S.K.: 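Dropping a structure here in structure tokens format, bear with me for questions.
Quick note: numbers below take in every heavy atom, side chains included, and nothing from hydrogens, waters or symmetry partners. Just so it is clear, the structure is predicted and the values come from calculations on it, not from any experiment.
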Amino acid sequence: MIRAAILLPFLLLAACKQEMNQQRKENTYAASALSKNGSTARMLPEGAVARGDLARDEIAANPPPVTAELLERGRERYAINCVPCHGAAGDGDGMIVRRGFPPPPSYHTQRLRAVPARYIYDVITDGYGVMYSYAARVQPADRWAIAAYIRALQLSRHATLAEAPDAAGRLP
């Protein structure tokens with residue numbers, strides 16, 4: 001009798017319905033007569049902006065001034081994110097390419113030397129060709145730092161004496 005009194009609540013609990021696990025629900029983009037747009041998904045209000053997008057847009061629209069600190073940060077981020085494919089000098093001969101991946105273009109081609117820095121920023125953000133987007137991996141401010149460092153790589157290889165007049169007396 002005592003055993004039955006102890007077991008009875010457990011048996012009653014085991015017989016409960018699993019209503020929380022078996023709820024009636026609508027799929028996100030299924031048709032629905034309940035909303036104005038005919039879908040179960042609600043439309044975003046006019047002018048809605050995802051959290052953080054305004055700050056990211058502000059950084060993207062205003063490149064920082066090039067400083068030694070920015071170039072050092074760009075060198076560091078370039079070594080982490082770009083060297084595996086693009087190589088340390090930007091020739092498109094990184095370790096990934098040596099192992100069979102399609103090579104990216106060299107940063108030292110005339111076409112890439114002529115593009116604005118914003119183009120490099122946008123390629124880091126959105127990807128290009130077989131390069132996937134680094135938007136989730138590289139912060140917007142670091143994208144500008146990488147773009148500045150790539151420009152420094154390009155200038156280091158293609159600088160002329162006229163562009164560095166102070167060095168004229170020191171070169172043989």
S.K.: Are the side chains of Asp122 and Tyr128 in contact, using a 4.5 Å heavy-atom criterion?
M.R.: no
S.K.: When rounded to the nearest 0.5 angstrom, what is the spacing between OG1 in Thr67 and CZ in Arg73?
M.R.: 12.0 Å
S.K.: Looking only at atom types and distance, does a side-chain atom of His108 sit under 3.5 Å from a main-chain N or O of Ala89, one as donor and one as acceptor?
M.R.: yes
S.K.: Is there side-chain contact between Arg157 and Leu153, with at least one heavy-atom pair below 4.5 Å?
M.R.: no
S.K.: Is the shortest heavy-atom distance from the side chain of Arg118 to the side chain of Trp144 under 4.5 Å?
M.R.: yes
S.K.: Check for a donor-acceptor pair, side chain of Gln154 on one end and backbone N or O of Leu112 on the other, with a separation under 3.5 Å.
M.R.: yes
S.K.: Under the salt bridge (Lys or Arg N to Asp or Glu O under 4.0 Å) test, which residues partner Arg137, sequence neighbours left out?
M.R.: none
S.K.: With distance as the sole test, does Arg98 use its side chain to make a donor-acceptor pair with the main-chain N or O of Asp93 at under 3.5 Å?
M.R.: yes
S.K.: Taking atom CG of Leu71 and atom CD1 of Ile150, what is their separation to the nearest 0.5 Å?
M.R.: 11.5 Å
S.K.: Could you work out the complete set of other residues in the hydrophobic cluster of Val97, with links drawn between I, L, V, M, F, W and Y side chains under 4.5 Å apart?
M.R.: none
S.K.: Using modelled atom types only, decide if a donor and an acceptor are shared between the side chain of Ser133 and the backbone of Thr125 within a distance under 3.5 Å.
M.R.: yes
S.K.: Counting C-beta onward and ignoring hydrogens, is there a side-chain heavy-atom pair between Arg143 and Ile59 closer than 4.5 Å?
M.R.: no
S.K.: Indicate yes or no: at least one non-hydrogen side-chain atom of Tyr121 is less than 4.5 angstrom from one of Pro140.
M.R.: yes
S.K.: Less than 4.5 Å apart, side chain to side chain, heavy atoms only: is that true for Glu72 and Arg75?
M.R.: yes
S.K.: Which heavy atom of Pro105 sits nearest to which heavy atom of Arg111, and what is that distance?
M.R.: CG-NH2, 4.3 Å
S.K.: Minimum heavy-atom separation for Ala79 and Pro84, please, with both atom names.
M.R.: O-CD, 4.2 Å
S.K.: Linking I/L/V/M/F/W/Y whenever their side-chain heavy atoms sit closer than 4.5 Å, directly or via other members, would Tyr132 and Tyr78 fall into one cluster?
M.R.: yes
S.K.: Taking all non-hydrogen atoms of both residues, which atom of Val123 and which atom of Met131 are closest, and how far apart?
M.R.: O-CE, 3.7 Å
S.K.: More than 12 foreign heavy atoms under 6.0 Å from CD of Gln139: is that the case here?
M.R.: no
S.K.: Determine the minimum heavy-atom distance between Ser32 and Thr40, stating which atoms define it.
M.R.: CB-CG2, 3.5 Å
S.K.: Hydrophobic clustering (ILVMFWY, side-chain heavy atoms < 4.5 Å, transitive) - are Ile146 and Leu70 grouped together?
M.R.: no
S.K.: Would a distance-only check, ignoring hydrogens and angles, find a side-chain to backbone donor-acceptor pair under 3.5 Å from Asp142 to Val138?
M.R.: no
S.K.: List, by chain and number, the other hydrophobic cluster members for Ile96, where Ile, Leu, Val, Met, Phe, Trp and Tyr join if side-chain heavy atoms come within less than 4.5 Å, directly or indirectly.
M.R.: Phe101, Val130
